[in-house]
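Reviewing the structure listed below.
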There are 2 protein chains.
Amino acid sequence: MNDDRHRSMPTAQQLRIWRNYIETAEVLRTRLASRLQSESDLSAGDYQVLLALTEAEGRTVRSSELADLIGWERSRLSHHLGRMEKRGLIGRQACVDDVHGIDVVATDAGAAAFRAGSVPHLRAIRELFIDALTPAQLGEVEDLTAALRRHLERDPASGDGR
Amino acid sequence: MNDDRHRSMPTAQQLRIWRNYIETAEVLRTRLASRLQSESDLSAGDYQVLLALTEAEGRTVRSSELADLIGWERSRLSHHLGRMEKRGLIGRQACVDDVHGIDVVATDAGAAAFRAGSVPHLRAIRELFIDALTPAQLGEVEDLTAALRRHLERDPASGDGR
DNA sequence: CTCTCCGGATTGACGTGTCAACTCTGCAAC
DNA sequence: GTTGCAGAGTTGACACGTCAATCCGGAGAG
């Protein structure tokens, strides 16, 4: 079949689909974040960090591992941890086995805030996303995102030239 | 069929699908923005604003209409226009027919920057998104986002209680 | 006429993200 | 030993978004 598909610009219809796709995801992200914020005073970033920490042994993870776990750049994590530390959600302490490492630990307050936020957050995900789709459609979403993922990994293109 | 679907928390699999979905969209957004930035020195926001302006009569749109067109809050637009004005991409001037209104107009430099950025941006969309999917899959994306959209519109839930 | 309210737009404060520059310590080369 | 490089983390500058407060000029109520 015609592989000039690989040379031409997107058609108007393709563009429309793209725009709807990315805007819908954006709306979902914003709605979820706003509900999480108002229901438990946590940002989406706080939630990701606390999720990784509370799942870890001793609620503690080395900073670099944490960055890998949630897929953040190191400086982004550093800034965010600074803000969370100021709010008493996490603590930072020198790592025992690695002089360079920093252990990040969820405080009791942090773990409590996560537990409190978790249920409403999961409910929001169900209400806004899961309930919008039939099980069959959910399966389609899975396949499609897998296809997109494969394509993205195949194309380093930007960011890390690993 | 069992409508306790509407009372239970998401399953592990549903959560996995959700996470993949939202993270994939996020990666796409970031990659696109980064390519747009490096290829034409425009942010995604700049692009949206300039797209709406260059499509309008006289490259001019009233500020409030512009906000509606691209679906932004007024204050977000105001901040962004301030930054774009400082860079000489757009201008602002009092509106003739409405004392309160502000006309936003794309400068020559702004229109030129948009034209220059447009082709590489469209190419990036094709490479990162369109090329990842077969035409049939693209159709599925369209249906799924439509379903999500319908669901979101049916559920005001947060933000504007319109 | 004055007072209040309304809608368009702006502003300031603050959290968030990215990029580049920097610190600090260990380790290997010489 | 000192030079310098590499990896972990931090910092500063700046762009971006949101929220609440504000400014401003017209329209009605009295």
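These numbers were taken from a predicted model, which means no experiment stands behind them.
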What's the CZ-P distance between A/R74 and C/dT18, to the nearest Å? 15 Å
Looking at residues at least two apart in the chain, or sitting in another chain, which of them share a side chain to side chain donor-acceptor pair (under 3.5 Å) with A/R87? A/D46
Under 4.0 Å from OP1 or OP2 of C/dT10: is there any side-chain N or O of B/R92 that close? yes
Atom-to-atom span, CD of A/E85 to C1' of C/dT16 - whole angstrom: 18 Å
Is the backbone of B/L50 close enough, under 3.5 Å, to the side chain of B/T54 for a donor and an acceptor to pair up by distance? yes
Scan residues 104-118 of chain A against DNA chain D and write down, sorted by residue number, each residue with any heavy atom closer than 4.0 Å; if none is found, say none. none
Could you tell me how far apart B/L77 (CG) and C/dG7 (P) are, to the nearest whole angstrom? 19 Å
Test item: A/F114 and A/L53 side chains (from C-beta on) under 4.5 Å apart, heavy atoms: no
Rounded to the nearest Å, what distance is computed from the CD1 atom of residue A/I70 to the P atom of nucleotide C/dT16? 13 Å
Do A/H80 and A/R76 have side chains that approach each other closer than 4.5 Å (heavy atoms only, starting at C-beta)? no
For A/A113, side chain to side chain contact (heavy atoms under 4.5 Å, CB included) partners two or more places apart: A/L42, A/L89
Reading nucleotides 23-29 of chain C 5' to 3', which nucleotides get B (base under 4.0 Å from a protein heavy atom), which S (sugar-phosphate only), which -? --BS---
Tell me, do A/L32 and B/W18 make a side-chain contact under 4.5 Å, heavy atoms counted? yes
Find every protein N or O atom lying less than 3.5 Å from an N or O atom of nucleotides 15-21 of chain D, and list the pairs.
from: D/dC16; atom 1: OP1; to: B/S43; atom 2: OG; distance (Å): 2.8
from: D/dC16; atom 1: OP2; to: B/R83; atom 2: NE; distance (Å): 2.8
from: D/dG17; atom 1: OP1; to: B/R76; atom 2: NH2; distance (Å): 2.9
from: D/dG17; atom 1: OP2; to: B/R76; atom 2: NE; distance (Å): 3.2
from: D/dT18; atom 1: O4; to: B/H79; atom 2: NE2; distance (Å): 3.2
from: D/dC19; atom 1: OP2; to: B/E73; atom 2: OE2; distance (Å): 3.3
from: D/dC19; atom 1: N4; to: B/S75; atom 2: OG; distance (Å): 2.8

Stepwise salt bridge (charged side-chain N to carboxylate O under 4.0 Å, His left out) test for A/D108 and A/R59: CA-CA 10 Å; A/D108 291 346; A/R59 298 200 311 225; 2.6 Å; yes
In chain order, what residues pass the side chain to side chain contact (heavy atoms under 4.5 Å, CB included) check against A/R149, with sequence neighbours excluded? A/E153, B/N20, B/E23, B/T24, B/V27
Rounded to whole Å, CG of A/L42 lies from C1' of C/dT16 at a distance of 15 Å
What contact category does A/S78 fall into here, base, sugar-phosphate, or nothing, at under 4.0 angstrom with non-hydrogen atoms? base
Examine distances only and state if a side-chain atom of A/H151 and a backbone atom of B/I130 form a donor-acceptor pair shorter than 3.5 Å. no
Any side-chain heavy atom of B/P120 sitting closer than 4.5 Å to one from B/R35? no
Side-chain ion pair, A/D68 and A/R62, N-O less than 4.0 Å: no
